[in-house]
Amino acid sequence: MKNKAATQPHPLELIFRPRSVAVVGASTNPESQGWMYLKELLEFPFKGPVYPVAKGESRILGVRCYSALGEIEGPVDHVISCVPHHQVLSLVDDCVRKGVRCLHLYTARLAETQLPERRDLERQIVRRAREGGVRVIGPNCMGIY
């Protein structure tokens, strides 16, 4: 009989070797982090599909753009968040619905601001992510970039 742990991937496997990555908050502005993350993933090159997500754009850097995470047909293992702090809670919910396993929050202006409402928002993000089985890297960090 096989050991169940031996047949399952390590819990961090999809962080370091995701099958696909979405950049939520991707942008056509070369000075934005949403553009830079997408560009680097495409130039690296990342081996799996890379999905830019941004409202109002059809293509960014030559790649089809989606207006929402839920519109992506295939699985998404890793999401890079380049959205403002007030959009992160709904992004966590989108990640849970989509089955995303890792959310990297480049997003800033949360608990580090020391504002009580931002600390509360960060706690809500962590709670929802934990409940939904999503690991979070960040906030306000470069992630595994």
Worksheet item: Within a radius of less than 6.0 Å around CZ of Arg130, do more than 12 heavy atoms belonging to other residues, nucleotides or ligands occur?
Response: no
Discussion item. Nearest 0.5 Å, please: how far is CD in Glu40 from CZ in Phe44?
Written reply: 10.0 Å
Worksheet item: Are His10 and Phe16 near enough that their ring centres are under 6.0 Å apart?
Response: no
Discussion item. Between Glu122 and Arg118 (side chain of the first, backbone of the second, donor and acceptor by atom type, cut-off under 3.5 Å), is there such a pair?
Written reply: no
Discussion item. Do Arg135 and Leu12 have side chains that approach each other closer than 4.5 Å (heavy atoms only, starting at C-beta)?
Written reply: yes
Worksheet item: What pair of heavy atoms forms the shortest contact from Pro52 to Leu38, and how long is it?
Response: CB-CD2, 3.8 Å
Worksheet item: Does one hydrophobic cluster hold both Leu105 and Leu89, with members joined at side-chain heavy-atom distances below 4.5 Å?
Response: yes
Item to complete: Compare every heavy atom of Val23 with every heavy atom of Gly34, then report the nearest pair and how far apart it is.
Response: O-CG1, 3.7 Å
Fill in: Nearest heavy atoms of Ser81 and Val88, plus distance in Å
OG-CG2, 4.2 Å
Fill in: 4.5 Å side-chain heavy-atom contact, Tyr106 and Cys141
no
Practice prompt. Output every pair passing salt bridge (Lys or Arg N to Asp or Glu O under 4.0 Å) with a member in residues 42-68, not counting sequence neighbours, ordered by first then second residue.
Written response: Lys39-Glu43, Arg64-Glu73
Discussion item. Any non-hydrogen side-chain atom of Pro84 less than 4.5 Å from a side-chain atom of Gln87?
Written reply: yes
Fill in: Shared hydrophobic cluster for Val100 and Val126 (ILVMFWY, side-chain gaps under 4.5 Å)
no
Worksheet item: Taking C-beta and beyond as the side chain, do Val21 and Ile80 meet within less than 4.5 Å on heavy atoms?
Response: yes
Worksheet item: Could you give the distance from CH2 (Trp35) to OG (Ser27), rounded to the nearest 0.5 Å?
Response: 9.5 Å
Worksheet entry | Interatomic distance, Cys102 atom SG to Leu14 atom CG [nearest 0.5 angstrom] | 8.5 Å
Item to complete: For the residue pair Asn140 and Thr107, establish whether any side-chain heavy-atom pair is separated by less than 4.5 Å.
Response: no
Response to the item:
The complete set of ring-ring contact (aromatic ring centres under 6.0 Å, His included) pairs with one or both residues in residues 53-94, sequence neighbours excluded, reads Tyr51-Tyr66
Discussion item. Restricting to non-hydrogen atoms, name the atom on Ala22 and the atom on Leu69 that form the minimum distance, rounded to 0.1 Å.
Written reply: CB-CD1, 3.9 Å
Worksheet item: Quick one: does Pro18's side chain get under 4.5 Å of Phe46's, heavy atoms only?
Response: yes
Discussion item. Please report the interatomic distance CG(Leu110) to CG(Leu115), rounded to the nearest 0.5 Å.
Written reply: 10.5 Å
Item to complete: Pick out which of Leu103, Asp94, Val76, Val53 makes a side-chain contact (heavy atoms from CB on, under 4.5 Å) with Val24.
Response: Val53
Discussion item. Measuring from atom CE of Met36 to atom OG of Ser32, what distance do you get when rounded to the nearest 0.5 angstrom?
Written reply: 6.5 Å
Worksheet item: Between the side chain of Arg119 and the main-chain N/O of Gln114, is any donor-acceptor distance below 3.5 Å?
Response: yes
Discussion item. Restricting to non-hydrogen atoms, name the atom on Leu91 and the atom on Val83 that form the minimum distance, rounded to 0.1 Å.
Written reply: CD2-CG2, 4.2 Å
Fill in: For Ala54 against Cys65, the heavy-atom pair lying closest together
N-SG, 3.5 Å
Worksheet item: What pairs meet the side-chain hydrogen bond (donor to acceptor under 3.5 Å, both in side chains) rule with one or both residues in residues 12-26, with sequence neighbours excluded?
Response: Glu13-Arg17, Arg19-Asp77
Discussion item. Does Arg109, at its CZ atom, have more than 12 non-hydrogen atoms belonging to other residues, nucleotides or ligands within less than 6.0 Å?
Written reply: no
Practice prompt. Determine whether Val134 and Val96 make a side-chain contact, defined as any pair of heavy atoms from C-beta on separated by less than 4.5 Å.
Written response: yes
Practice prompt. Look up atom CD1 in Ile137 and atom CE in Met142, then write down how far apart they are to the nearest 0.5 Å.
Written response: 12.5 Å
